[in-house]
Amino acid sequence: GKFGKLYHAMSKRSKKQYVLEIIKKDTIDSEAERYIRQDCNVRCNISSKTTLSFVNSFEEDNYFVIVNGNYYGYSLSTCLRLQLDNNGCPFSEQRVQYLMNLIINAISLLHGRFIIHRDLCLENIIVDFGGKEKMGKLDYRGAKVLIKGFGNSKWLEGNSLAQSVVQTNQINIDPMILFKEENELEG
């Protein structure tokens, strides 16, 4: 995880499997804590097959613990790195089309619920293989995409527009937005 370590766990009672994210409190600042709480709040209020499912969260003296639904996969960043390491080349055009279709459908579902993610990056897209790894190779057939990292997301009211920009790197900002903001500052 972005802030903590991930562990697979199983309930002794139900035998259900989960992914726990355990975050040391002394390793994060107040902004990171706000991000974590916002992520939990958004995910506990939406139920979608395209978002990392939120089960529960709780605090202990030194830790935040987030209980997520189980998945068998990696971030898209890790998948790309594994592809390059194992095959020496990037994804095929067909694989990119397949993954982009899954990502676009996931984002479309979020937008249909008036949620703007605002931090979509390779690390916040999980490719869930459902345990279908063969001989160390990732089997993308039937894989699904799970979106995570809702700490900067915005929940819109009805048909309203987002009035703020959340961006840490100006290289990634749409030039029209950047140009508009610069003009507003000058005028």
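Everything numeric here is computed off the predicted structure, so don't read it as measured data.
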- Would you confirm whether N101, through its side chain, and Q97, through its main-chain N or O, come within 3.5 Å as a donor-acceptor pair? no
- Message: One pair to check against side chain to side chain contact (heavy atoms under 4.5 Å, CB included): Y18 and N70. What are the steps and the verdict?
- Response: CA-CA 4 Å; Y18 301 97; N70 196 30; 5.6 Å; no
- Can you check side chain to side chain contact (heavy atoms under 4.5 Å, CB included) on N105 and T50, steps first, answer last? CA-CA 8 Å; N105 286 336; T50 62; 5.8 Å; no
- Just wondering, do K16 and M10 contact through their side chains at under 4.5 Å, heavy atoms? no
- From I107 atom CD1 to M100 atom CE, the distance as rounded to the nearest 0.5 Å: 9.5 Å
- Query: Do the side chains of Y74 and F129 get nearer than 4.5 Å, heavy atoms only?
  - Reply: yes
- Message: Check for me whether the distance between the ring centres of Y98 and Y140 falls short of 6.0 Å.
- Response: no
- Taking a hydrophobic cluster as the set of Ile, Leu, Val, Met, Phe, Trp and Tyr residues connected by side-chain heavy atoms closer than 4.5 Å, whether directly or through intermediates, do L76 and L120 fall within one such cluster? yes
- Message: With no hydrogens and no angle check, just 3.5 Å: does a side-chain donor-acceptor pair link R81 and N86?
- Response: no
- Item | Side-chain (T27) to main-chain (K24) donor-acceptor, under 3.5 angstrom | yes
- Message: When you compare the side chain of N41 with that of R37, does any pair of heavy atoms fall below 4.5 Å?
- Response: no
- Item | Separation of L52 CG from N68 CG (nearest 0.5 Å) | 4.0 Å
- Does R34 reach the main-chain N or O of G151 with its side chain, forming a donor-acceptor pair under 3.5 Å? yes
- Indicate yes or no for a side-chain donor-acceptor contact from H117 to the backbone of K148 under 3.5 Å, with no hydrogens or angles considered. yes
- Message: To the closest 0.5 Å, what do you measure between CD (Q38) and CZ (R43)?
- Response: 11.5 Å
- Task: Apply side chain to side chain contact (heavy atoms under 4.5 Å, CB included) to Y71 and S53, showing your working.
- Result: CA-CA 9 Å; Y71 62 88; S53 65; over 6 Å; no
- Report yes or no: is the cationic atom of K25 (NZ for Lys, CZ for Arg) closer than 6.0 Å to the six-membered ring centre of Y63, at no more than 45° off its axis? no
- Message: Is there a side chain to side chain contact (heavy atoms under 4.5 Å, CB included) between N45 and F54? Walk through the geometry before answering.
- Response: CA-CA 9 Å; N45 284 296; F54 175 84; over 6 Å; no
- Task: Following the transitive rule for hydrophobic clusters with a side-chain heavy-atom cut-off under 4.5 Å over Ile, Leu, Val, Met, Phe, Trp and Tyr, establish whether V65 and I28 coincide in one cluster.
- Result: no
- Please tell me if the side chains of I23 and I66 come closer than 4.5 Å, counting only heavy atoms from C-beta onward. yes
- Item | Flag for Y72-Q17: side-chain donor and acceptor within less than 3.5 Å | yes
- Item | Sub-4.5 Å side-chain heavy-atom contact between K5 and E21 | no
- Message: With a 3.5 Å distance limit and no angle check, can you tell me whether S75 reaches the backbone of E123 through a side-chain donor-acceptor pair?
- Response: no
- Task: Could you point out which residue of I103, T78, L99 forms a side chain to side chain contact (heavy atoms under 4.5 Å, CB included) with V127?
- Result: L99
- Compare all side-chain heavy atoms of L110 with those of I46 and state whether any distance is below 4.5 angstrom. yes
- Task: Kindly indicate whether the side chain of D26, heavy atoms from C-beta on, has any atom under 4.5 Å from the side chain of N62.
- Result: no
- S153 side-chain N/O to F150 backbone N/O, donor-acceptor pair under 3.5 Å: yes
- Item | Close side-chain approach of I126 and V145, heavy atoms under 4.5 Å | no
- Item | Any donor-acceptor pair under 3.5 Å from K144 side chain to G130 backbone | no
- Message: With a sphere of 6.0 Å drawn around CD of E93, does it hold more than 12 non-hydrogen atoms of other residues, nucleotides or ligands?
- Response: no
- Message: Quick check for you: to the nearest 0.5 Å, what is the distance between I115 atom CD1 and S48 atom OG?
- Response: 8.5 Å
